[in-house]
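A quick write-up on the structure given underneath.
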Amino acid sequence: MRVVRPEFRPAPGLDTDAMASRQRDIAAVADFADDHGLTPERIGLDEPPGEQAALGGATTSGEAAPVVVGVDQAFRDDEVSVSAAVAIRDGAVIERAAGNAPLDVPYVPGLLAFREGSAVIDALSSLSVEPDLLVVDGSGRIHYRQAGLATHVGVLFDVPAVGVAKSLLCGTPAAALADPLPAGTRVAIEADDSMDAPDGAVVGYALQSRQYPTPETRHINPLYVSPGHRVSAGTAADLVEATCTQYKLPAPTRLADQYAADLT
DNA sequence: GCGACAG
DNA sequence: ATCTTGTCGC
């Protein structure tokens with residue numbers, strides 16, 4: 001796939017203010033409403049990935065199943081950012097792509113895309129299939145300037161994207177998350193005064209994709225799902241939930257995780 | 001000033 | 001993200 005907004009490429013030379021400014025520009029053109037043809041049913045990940053699947057990628061309804069691409073990051077020698085992208089259709093891996101970039105920007109919460117974005121772009125640029133959805137590790141709209149890594153990448157390629165984070169960057173849960181949530185539960189994450197989004201706006205969801213039978217003794221933490229681009233908050237939660245077939249994390253994310261580890 | 005803080 | 005085995009409890 002190809003970058004369609006090259007002006008938003010993460011440039012290493014920028015100072016903190018310039019990076020933040022670029023993020024506001026990205027948020028201004030980002031689309032946090034549904035603009036895609038996806039449904040949880042069409043994702044077609046009922047079977048664990050890696051199994052047999054129809055060669056043409058046909059669903060039970062006869063239409064071509066959407067291509068979902070998981071993206072994950074790793075480091076090599078503390079100086080190279082490695083990105084792994086794994087494309088899945090109908091529960092089967094159809095393509096993998098790797099990307100690299102020098103690791104010259106330090107990690108700063110809120111500026112992750114400027115540290116690891118270039119490697120992600122490198123990986124996605126070499127994908128020959130056209131993704132219908134990107135599942136990016138990290139935040140999307142749950143971000144100080146509504147432009148987390150998932151939003152940044154989604155806008156760069158103008159492709160539907162969602163962000164899946166394992167911890168909350170910012171925002172306030174609409175209900176307390178202190179007690180373990182039952183599987184399938186979702187709690188809205190609302191914008192607070194640390195964010196550009198209007199106060200109280202639902203910028204994502206805490207999604208309890210898995211839970212132990214007896215959460216009192218031992219419990220699993222929720223995922224934090226947010227719109228990247230062209231997907232609404234509610235639909236993002238629906239789609240991500242459909243990809244969590246067997247474990248807490250989405251299958252595309254797990255596969256990308258694995259591939260990234262192999263590349264390191 | 002102190003704490004919080006995606007990967 | 002990464003350094004890292006066993007161990008506790010579903």
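A quick note: this is a predicted structure, and the numbers were derived from the prediction, not measured. All chains are named by letter (A, B, ...) in the order of the sequence lines, taking the proteins before the strands, and each is independently numbered beginning at 1.
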| said: Which residues in residues 101-117 of chain A have a heavy atom closer than 4.0 Å to any atom of DNA chain B? | reply: Y107(A), P109(A), G110(A), L111(A), L112(A), R115(A)
| field | Strand contacts (DNA chain B) in residues 160-170 of chain A, 4.0 angstrom heavy-atom criterion | value | A165(A), K166(A), S167(A), L168(A), L169(A)
| The single option from D35(A), D158(A), D31(A) passing side-chain hydrogen bond (donor to acceptor under 3.5 Å, both in side chains) against H229(A) | D158(A)
| request: Determine which bases of DNA chain B form Watson-Crick or G-U wobble pairs with both distances under 3.5 Å, and write the result as a 5' to 3' dot-bracket string with | for other-strand partners. | output: .......
| note | All stems that DNA chain C takes part in, i.e. 3 or more consecutive Watson-Crick or G-U pairs with distances under 3.5 Å, are none
Just the rounded figure in Å: distance from [atom2] of [N] to [atom1] of [X].
X	N	atom1	atom2	answer
Y224(A)	dC5(B)	OH	C1'	13 Å
R210(A)	dG9(C)	CZ	C1'	18 Å
H152(A)	dA6(B)	NE2	P	19 Å
R76(A)	dT2(C)	CZ	P	12 Å

| said: Tell me whether D238(A) is salt-bridged to R186(A), with the criterion being a basic N under 4.0 Å from an acidic carboxylate O. | reply: yes
| field | H152(A): partners by ring pair (Phe, Tyr, Trp, His ring centres under 6.0 Å), with sequence neighbours left out | value | F114(A)
| Sub-3.5 Å donor-acceptor pair from the side chain of R145(A) to the main-chain atoms of A197(A), do we have one? | no
| Are any side-chain N or O atoms of D192(A) and backbone N or O atoms of S194(A), one a donor and one an acceptor, separated by less than 3.5 Å? | yes
| message | Within this structure, what is the CG-NZ distance for the pair N221(A) and K166(A), rounded to the nearest 0.5 Å? | response | 11.5 Å
| Y107(A) six-ring face occupied by R115(A) cation (under 6.0 Å, within 45°) | no
| field | side chain to side chain contact (heavy atoms under 4.5 Å, CB included) partners of Y247(A), counting only residues at least two apart | value | R254(A)
